[in-house]
Amino acid sequence: MQKMPVWADVVLIPLISLILAAILSALVILGIGEDPIAAVKMMVSGSLGSTYGWGYTLYYATNFMFTGLAVAVAFHARMFNIGGEGQAMLGGLGVALVALYIPWPHWTLALIGCTFGAAILGAAWAYIPAVLQAKRGSHIVITTIMFNFIAAALLNYILVNILRPPSSMDPATAAFPASTHLPTLHELLLPLGIKFSKAAPANVTLIVALLAAVFVWVLIWRTKLGYAIRAFGHSESAAKYAGINPVKITVVSMLISGGLAGMMSINTTLGESERLILNSTEGAGFIGIAVALMGRSHPFGVVLASILFGFLYQGGAELALWTSIPRELIVVIQALVILFTGALDNMVRMPLEKIFLALRRKEG
Amino acid sequence: MTLLKKVLGATTALAMTAGAAIAEPALIFDLGGKFDKSFNEMAFTGAQRWAEETGGTFREIELQSEAQREQALRRFAEAGANPIVMAGFAFASALEGVAADYPDTKFTIIDMVVDAPNVRSVVFNEHEGSYLVGMMAAQASKSGTVGFIGGMDIPLIRKFACGYVQGVKAANPNATVIQNMTGTTPAAWNDPVKGSELTKAQISQGADVVYAAAGGTGVGVLQTATDEGILSIGVDSNQNYMHPGKVLTSMMKRVDNAVYDAFTQGDALETGFNVMGLANGGVGYALDDNNAALVSAEMKAAVDAAADQIASGALSVHDYMSDNTCPVE
């Protein structure tokens, strides 16, 4: 029996969670002697009030779309991929190798090449935990989080000892050749007569991310494989009885998940920094978990949740720039939203379900 | 969500407050954060001194992500902040792009050279200051063995080490110098536990003075040296106060002077290549009440004589970064 109408599940619960997080954040800001209303205004105008702000919001959102979709695909097979961070790091390595060592004549080809490079290395990094889970029963949560640390150490080693230009102090690769530079939204929208901010880092990868969202929707709800993934996620024994191979589904869904997480690096590495730097992922792999939870593992929800988190990131940067709110408290505000929308989902859901049940009983 | 966005969108019209023209200077800290007891904190001290003396105010930001380097530069430049000072070599690639877009804004980058008409590049002669504290280490050492603990293994830190070794050998040609780097990644700047381990290892090899050029890692070096009863040498800011009577001296890298200077000159900032060495007070050794008893009169005389010679150009200390080699080990 449906406990709640769909609109309550999809709109009301996230909205109430957000309002609760906002109230707590306001109290935090009040506590350090700043004006919460001015702070909210600043966050909103700084992230959504100009094409410049949108450019940054969408740049961050693009990262979260990829990692959010990655977590969502694994969720459908009832697997908790916390390894998005490591998979994205390896994806960055894939981007760097493809961009540095293959002479691309045009950015379109470089984008395709780097997408494959990122997806293949990201998927490869997810493959090992997937096989360990499928064949040996090693829990995927433990193995993927361990692989995050291995990825960080590996990337350190490669950047410092192999890919760093000898005279440079930064643990980073050389800059990618100019022919691989992706056009920003400014360059893309100019022919259409739209003046988008030149300075913002949002680039053509946003379109790739939206295509990836469509791909995930088709995959999960319109293909045999997607049906198998969902069936496996709902009940492993029933899926086995129906002739679905659990090893294959575990591995394939983790490969897709890892590939999507790896593709995040097209945005940060090929699109923004145009060279591979040590901390290019910056926790987006973990934010992806919150994004997938909030988006209910549906691609459309993931896209919307990504934009919300992009807003939080860019709004947080504006607060850091123009107020004396220290950066640690900005992280606290971001964390409150994650806590309420992700972890404390049931706190809002259960009372709401009771209210709706009571209402229905009255009607009955 | 869509409802939320409408509500948020409606408030944007009211909220265009940030970005009004300001003619304040701005300071951007690196990812290490403002209060690292070292490099970034020195920059903050200089800005603070300017604010107290002039009664002016300045903008500042501690970065949270790599993408914010360029963002902070652009936002401050757009808002009219002038000059904009950034602490750290990692800003170079972002600044190269931004400087050309804001020709009327003056920028100062510390520890790196960016060649643009509106950029002042401040680099320090760390090898000269390290030479002086090396001389003091050799004179204070009874075992004839002294230690060096670097942070991340980059050319800049080898420059510290090379100047130090030259100073040690100048004071005592037979002295041995043990050198260790904490690591090869940025984590090496903030690993006091590893710093402590390295100090113990150097003590077991006979070192009785250690010089830490390792940012936050140095806190562990100084602590362990004090616990084990040997002398240590601090870096960047004057760290003598951290363990009074136990820290021989500190190699001062006057990042605060660079920031203060840039803020004082304001929008008339002189651009170009700016070397802060012994001659203009950019580097030096620290002498205060905390270490007065450790520095003998003859030590001070020898070091001051060397400092005068370096400042006048009579004595030249080899700079590791000029050819990526060091003449002494």
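Lettering of chains follows the sequences in order, A, B, ..., and the numbering in each one begins at 1.
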Asker: Quick one: ring-ring contact (aromatic ring centres under 6.0 Å, His included) partners of B:F35, sequence neighbours excluded?
Answerer: B:F44

Asker: Of the non-hydrogen atoms in B:D153 and A:R164, which two are nearest, and what is the gap between them?
Answerer: O-NH1, 4.2 Å

Asker: For B:D323, look at atom CG and say whether over 12 heavy atoms of other residues, nucleotides or ligands are found less than 6.0 Å away.
Answerer: yes

Asker: In terms of heavy-atom proximity below 4.5 Å to chain B, should A:Y157 be classed as side chain, backbone, both, or neither?
Answerer: neither

Asker: So what's closer than 4.5 Å to chain A heavy atoms on B:L63: side chain, backbone, both or neither?
Answerer: backbone

Asker: Measure the spacing between OG of A:S197 and CD of B:E78 and express it to the nearest 0.5 Å.
Answerer: 7.0 Å

Asker: Is it true that a side-chain atom of A:E282 and a backbone atom of B:E66 form a donor plus acceptor pair closer than 3.5 Å?
Answerer: yes

Asker: Tell me the closest heavy-atom pair linking A:W322 and B:R59, and the distance in Å.
Answerer: O-NH1, 3.5 Å

Asker: Using the ring-ring contact (aromatic ring centres under 6.0 Å, His included) criterion, which residues pair with A:Y60? Sequence neighbours excluded.
Answerer: A:Y313

Asker: Does CD1 belonging to A:I37 count more than 12 external heavy atoms closer than 6.0 Å?
Answerer: no

Asker: Quick one: does A:E274's side chain get under 4.5 Å of B:S93's, heavy atoms only?
Answerer: no

Asker: Considering all heavy atoms of both residues, which atom of A:A317 and which atom of B:I61 are nearest to each other, and what is their separation?
Answerer: O-CD1, 4.4 Å

Asker: Side chain, backbone, both or neither: which part of B:D101 has an atom under 4.5 Å from a heavy atom of chain A?
Answerer: neither

Asker: Taking side chain as everything from C-beta outward and backbone as N, CA, C, O, which of these in B:M152 sits under 4.5 Å from a heavy atom of chain A? Side chain, backbone, both or neither.
Answerer: side chain

Asker: Please say whether more than 12 non-hydrogen atoms of neighbouring residues, nucleotides or ligands are located less than 6.0 Å from NZ in A:K198.
Answerer: no

Asker: Quick check for you: to the nearest 0.5 Å, what is the distance between B:Q68 atom CD and A:L321 atom CG?
Answerer: 7.5 Å

Asker: Looking only at heavy atoms, what is the nearest atom pair of A:E318 and B:Q71, with distance?
Answerer: OE2-NE2, 4.3 Å

